[in-house]
Amino acid sequence: MSQPSSQHQFVENHTVDYVPPAERHGKARDLFTLWFSTNIAPLPIVTGAMVVQVFHLNLVWGLLAIVLGHLLGGVVIALASAQGPQLGIPQMVQSRGQFGRYGALLIVFFTALIYVGFFISNIVLAGKSIHGIAPSVPMPTAIVVGALSATAIGVIGYRFIHTLNRIGTWVMGSALLAGFVMMFSQALPADFFSRGAFNLSGFVATVSLGVIWQISFSPYTSDYSRYLPREVGIARPFWATYFGATLGTILCFSFGVVAVLCVPEGTDAMAAVEQATGWLGPVLMVLFLCNIISHNALNLYGAVLSIVTAIQTFAAQWTPSVKVRVVLATVILAACGLVALNASADFIGQFIGLILALLLVLVPWASINLIDFYLIKKGVYDIASIFRADGGIYGRFNHHAIIAYACGILVQLPFANTSLYVGPYSNLVEGADLSWLFGLLVTCPLYYCLATRGKAPAKVGRVVSVNE
């Protein structure tokens with residue numbers, strides 16, 4: 001028997017289990033508002049400012065590189081998102097159908113680590129924002145307030161996250177457009193259009209940054225599309241996610257570029273936003289704070305799902321309740337809160353460097369995930385096998401996927417340029433990390449050849465539900 005309909009429940013009652021057709025709801029356009037609003041935040045603004053401050057591109061070439069990078073990377077996140085309505089399960093659970101029940105554990109571990117890393121970084125950032133807006137609030141208190149707010153949203157779950165981002169799209173989108181108007185309505189510096197110039201390394205680095213930014217969301221995109229009715233198909237969730245994710249990030253990256261060009265060279269990115277937008281600056285800071293908290297709820301939600309997925313790997317019959325999700329969220333909150341309260345001044349920079357290094361493990365996973373879903377199994381998976389203790393038709397380990405995954409990581413290492421490791425060919429194009437490109441070029445054909453060698457792709461019947 002399926003669980004009672006959750007359509008009218010405030011708190012989500014599913015965790016990593018299959019969402020039956022009777023409990024599906026929502027529209028594909030909800031994915032546009034989710035990914036658009038999520039990407040309007042301080043971090044993409046600061047990252048966009050790097051295009052001028054670090055990569056030394058001028059306005060025109062900088063904007064062109066930003067658009068190109070995000071449009072390319074957006075294909076990955078959109079293809080991952082479109083899987084959700086077809087399967088009705090979270091992205092990491094689906095990986096069992098590609099790597100095997102136990103083979104998927106490694107990527108689940110890395111994904112959980114990335115979620116936790118971003119959650120800690122964002123609660124520190126939220127604490128600093130609260131303290132900056134209201135200096136009378138002590139920093140530790142501000143961190144706790146930011147963490148508790150994100151936790152409340154994450155515990156309530158899928159429905160509330162979508163609702164907040166529908167509102168956030170209009171509020172944050174309007175605020176950002178008003179900020180552009182404020183910046184262009186005043187006298188621009190003499191070097192506004194001439195500061196910086198085209199340089200190949202800066203252009204390639206900016207394009208790569210956009211691609212990596214979009215790929216980093218791919219391990220949890222279907223978590224937010226799995227409740228949509230299967231009848232929405234592939235195209236509608238694809239385009240809704242694609243335009244939401246790319247437009248939101250392109251606008252925010254571009255905002256950072258324009259803001260730093262409106263002020264004297266060398267000004268901090270967020271200080272530049274406040275200076276360049278006049279009286280609107282403090283309002284934007286408050287709105288950005290709200291969006292940091294809302295976005296951080298996605299990190300907590302994803303961390304909980306990843307941990308539940310890992311535990312359920314060894315306890316196939318266990319279906320965690322809402323109470324279990326609350327307890328896990330509380331444990332994660334407590335652990336992350338302790339780290340955040342004792343964070344050093346440069347903690348965010350250090351942690352972001354670690355997370356970016358971990359993206360080396362996401363590129364080959366995304367390659368295998370998309371090749372398997374779209375070219376090999378063509379969206380047809382045996383859902384019952386995914387939840388069986390022995391992995392069903394997918395087994396405990398899929399050696400083809402594991403071999404391709406390992407090769408995908410290894411081939412990136414010579415070209416990696418991260419805070420943890422710098423490869424011997426990291427400066428193939430100076431300042432640009434091209435490891436992701438080699439990861440894609442090797443993993444995609446390798447996995448396809450291994451998975452289809454000597455036999456036709458498996459044809460399996462689609463089991464509608466494990467509980468019905």
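Just so it is clear, the values below take in all heavy atoms, side chains as well, and ignore hydrogens, waters and symmetry mates.
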Point-to-point distance, once rounded to the nearest 0.5 Å, from CZ of R96 to OG1 of T309: 6.0 Å
Which side-chain N or O atoms in residues 66-83 pair as donor and acceptor under 3.5 Å with protein atoms at least two apart or in another chain?
residue: H70; atom: ND1; partner: Q214; partner atom: NE2; Å: 3.0
residue: H70; atom: ND1; partner: T249; partner atom: OG1; Å: 3.4
residue: S81; atom: OG; partner: T241; partner atom: OG1; Å: 2.7
residue: Q83; atom: OE1; partner: Q91; partner atom: NE2; Å: 2.9
residue: Q83; atom: OE1; partner: Q94; partner atom: NE2; Å: 2.9
residue: Q83; atom: NE2; partner: N369; partner atom: OD1; Å: 2.8

Say you draw a straight line from SG of C252 to CD1 of I45; how long is it, rounded to the nearest 0.5 Å? 4.0 Å
Restricting to side-chain hydrogen bond (donor to acceptor under 3.5 Å, both in side chains), what partner residues turn up for R236, sequence neighbours left out? none
Validation row, ring centre F32 to ring centre F243 under 6.0 Å: no
Working to the nearest 0.5 angstrom, can you tell me the gap between L63 CG and S254 OG? 4.5 Å
Might you point out which heavy atoms bring L287 and A175 nearest each other, and give the distance in Å? CD1-CB, 3.4 Å
Under 3.5 Å donor-acceptor, R195 side chain and V52 backbone: no
Return each pair, listed once, that meets salt bridge (charged side-chain N to carboxylate O under 4.0 Å, His left out) where at least one residue sits in residues 249-258; pairs must be two or more places apart or across chains. none
For residues L362 and I107, determine if any side-chain heavy atom of one lies less than 4.5 Å from a side-chain heavy atom of the other. yes
Check: L228 main-chain N/O paired with R24 side-chain donor or acceptor under 3.5 Å: yes
Side chain to side chain contact (heavy atoms under 4.5 Å, CB included) evaluation trace for L87 with R226: CA-CA 7 Å; L87 300 180; R226 61 193 169 116; over 6 Å; no
Ring center gap for W213 and F253 short of 6.0 angstrom: yes
Below 4.5 Å, heavy atoms only, C-beta onward: do P189 and L261 meet side chain to side chain? no
Does a side chain donor of either Q412 or Y421 reach within less than 3.5 Å of an acceptor in the other side chain? no
Does I376 reach the side chain of Y447, with side-chain heavy atoms less than 4.5 Å apart? yes
Taking only residues two or more places apart in sequence or in another chain, which ones pass ring-ring contact (aromatic ring centres under 6.0 Å, His included) with F109? none
Using side-chain heavy atoms (C-beta onward) and a distance below 4.5 Å, is W35 in contact with Y242? no
Any idea which heavy atoms bring P237 and L31 closest together, and the distance? CB-CD1, 3.6 Å
Report the C-alpha distance between L177 and V181 in whole Å, list the side-chain angles of each, state the deciding distance to 0.1 Å, and finish with yes or no for side chain to side chain contact (heavy atoms under 4.5 Å, CB included). CA-CA 6 Å; L177 291 176; V181 172; 5.7 Å; no
One pair to check against side chain to side chain contact (heavy atoms under 4.5 Å, CB included): V308 and V304. What are the steps and the verdict? CA-CA 6 Å; V308 169; V304 170; 4.2 Å; yes
Does anything in residues 202-212 pair up under side chain to side chain donor-acceptor pair (under 3.5 Å), and if so which pairs, sequence neighbours excluded? S208-W436
For the residue pair S218 and A366, what are the closest heavy atoms and their distance? OG-CB, 4.1 Å
State, to 0.1 Å, how close F55 and A205 come at their nearest heavy-atom pair, and which atoms those are. CE2-CB, 3.7 Å
Please determine whether side chain to side chain contact (heavy atoms under 4.5 Å, CB included) holds for the pair T267 and V260, giving the CA-CA distance in whole Å, both sets of side-chain angles, and the decisive distance to 0.1 Å. CA-CA 7 Å; T267 306; V260 295; over 6 Å; no
Rounded to the nearest 0.5 Å, how far apart are OH of Y115 and OG of S306? 4.5 Å
Might you point out which heavy atoms bring M183 and C262 nearest each other, and give the distance in Å? CB-SG, 4.0 Å
Residues in side-chain hydrogen bond (donor to acceptor under 3.5 Å, both in side chains) contact with Y220, at least two apart in sequence or another chain: none
Working to the nearest 0.5 angstrom, can you tell me the gap between I250 CD1 and T246 OG1? 5.0 Å
At what distance, to the nearest 0.5 angstrom, does CZ of F99 lie from CD1 of I402? 8.0 Å
With sequence neighbours left out, the residues meeting side chain to side chain contact (heavy atoms under 4.5 Å, CB included) with P140 are P138, L341
Side chain to side chain contact (heavy atoms under 4.5 Å, CB included) partners of A310, counting only residues at least two apart: L105, V108
Of all pairs that satisfy ring pair (Phe, Tyr, Trp, His ring centres under 6.0 Å), the ones with a partner from residues 255-294, not counting sequence neighbours: F180-F255
Check whether D372 reaches the backbone of K377 with its side chain - one donor and one acceptor, N or O, closer than 3.5 Å. no
Tell me which pairs pass side chain to side chain donor-acceptor pair (under 3.5 Å) where either residue lies in residues 48-69, with sequence neighbours left out. none
Might you point out which heavy atoms bring S367 and G439 nearest each other, and give the distance in Å? OG-O, 4.3 Å
Taking side-chain hydrogen bond (donor to acceptor under 3.5 Å, both in side chains) as the test, write out the residues that go with T277, two or more places apart. none
Using side chain to side chain contact (heavy atoms under 4.5 Å, CB included) as the criterion, list what pairs up with I409, not counting sequence neighbours. V361, P364, Y405
Within 6.0 Å of CZ in F184, more than 12 heavy atoms from elsewhere: yes
